[in-house]
Amino acid sequence: MPLTANEKKRRLILMSVAGLTIACLIVFVAFTVLSPQKDQPTFKVGVVKTDAVTGKAGGAGTNEYNKKVEQYDGQQADKALLGGQSH
């Protein structure tokens, strides 16, 4: 059975699209597989000094510190009441 001109054009377009798809897939795989591996970024975290957390040097947890916090909180509350900011 002889092929018509339309059938030849249809097959040509179909094979062209299939070939182009396969070529793109091959290029994508080649770039993905053969690309050099990127190193993960590395950084070092410095040691944090936490004297206040342990309660040393007048930090949190000492009586002196707690009294200062209470005094400061009281001052802030008084300012809020005078300024009409308290509910």
Side-chain angles (χ1 to χ4, degrees):
M1 179 170 142
L3 296 175
T4 63
N6 284 341
E7 184 68 20
K8 287 180 183 179
K9 286 180 187 177
R10 188 177 70 82
R11 285 187 179 188
L12 177 66
I13 291 171
L14 184 64
M15 291 300 166
S16 298
V17 169
L20 185 61
T21 303
I22 291 172
C24 289
L25 182 65
I26 290 171
V27 169
F28 175 74
V29 168
F31 276 111
T32 303
V33 171
L34 301 177
S35 67
Q37 297 295 327
K38 295 180 182 177
D39 291 338
Q40 295 294 329
T42 58
F43 58 92
K44 293 183 180 180
V45 178
V47 177
V48 179
K49 294 183 180 180
T50 56
D51 288 340
V53 176
T54 61
K56 296 179 184 175
T62 63
N63 289 333
E64 181 183 351
Y65 176 81
N66 290 337
K67 287 178 185 176
K68 287 182 181 180
V69 169
E70 287 177 12
Q71 182 182 10
Y72 178 77
D73 288 343
Q75 290 173 354
Q76 294 300 321
D78 290 342
K79 286 181 185 178
L81 285 173
L82 292 175
Q85 297 173 359
S86 180
H87 294 288

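All of these numbers come straight from a predicted model, not from anything done at the bench. Computation of the quantities below employed the complete heavy-atom set of this structure, encompassing side-chain atoms and omitting hydrogens, waters and symmetry-equivalent molecules.
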Spacing of NZ belonging to K9 relative to OG1 belonging to T4, to within rounding of 0.5 Å
10.0 Å
Heavy-atom nearest pair, L3 first then K8, reads O-CE, 3.9 Å
State yes or no: do V29 and L34 share one hydrophobic cluster built from I, L, V, M, F, W and Y residues joined by side-chain heavy-atom distances below 4.5 Å, directly or via other members?
yes
Under a 4.0 Å threshold between the charged nitrogen and the carboxylate oxygen, would E7 count as salt-bridged to R10?
yes
Does anything in residues 24-36 form a salt bridge (charged side-chain N to carboxylate O under 4.0 Å, His left out)? List the pairs, not counting sequence neighbours.
none
Measuring from atom CG of L20 to atom CG of L25, what distance do you get when rounded to the nearest 0.5 angstrom?
11.5 Å
With rounding to the nearest 0.5 Å, note down the distance linking CG in N66 to CD in E64.
10.0 Å
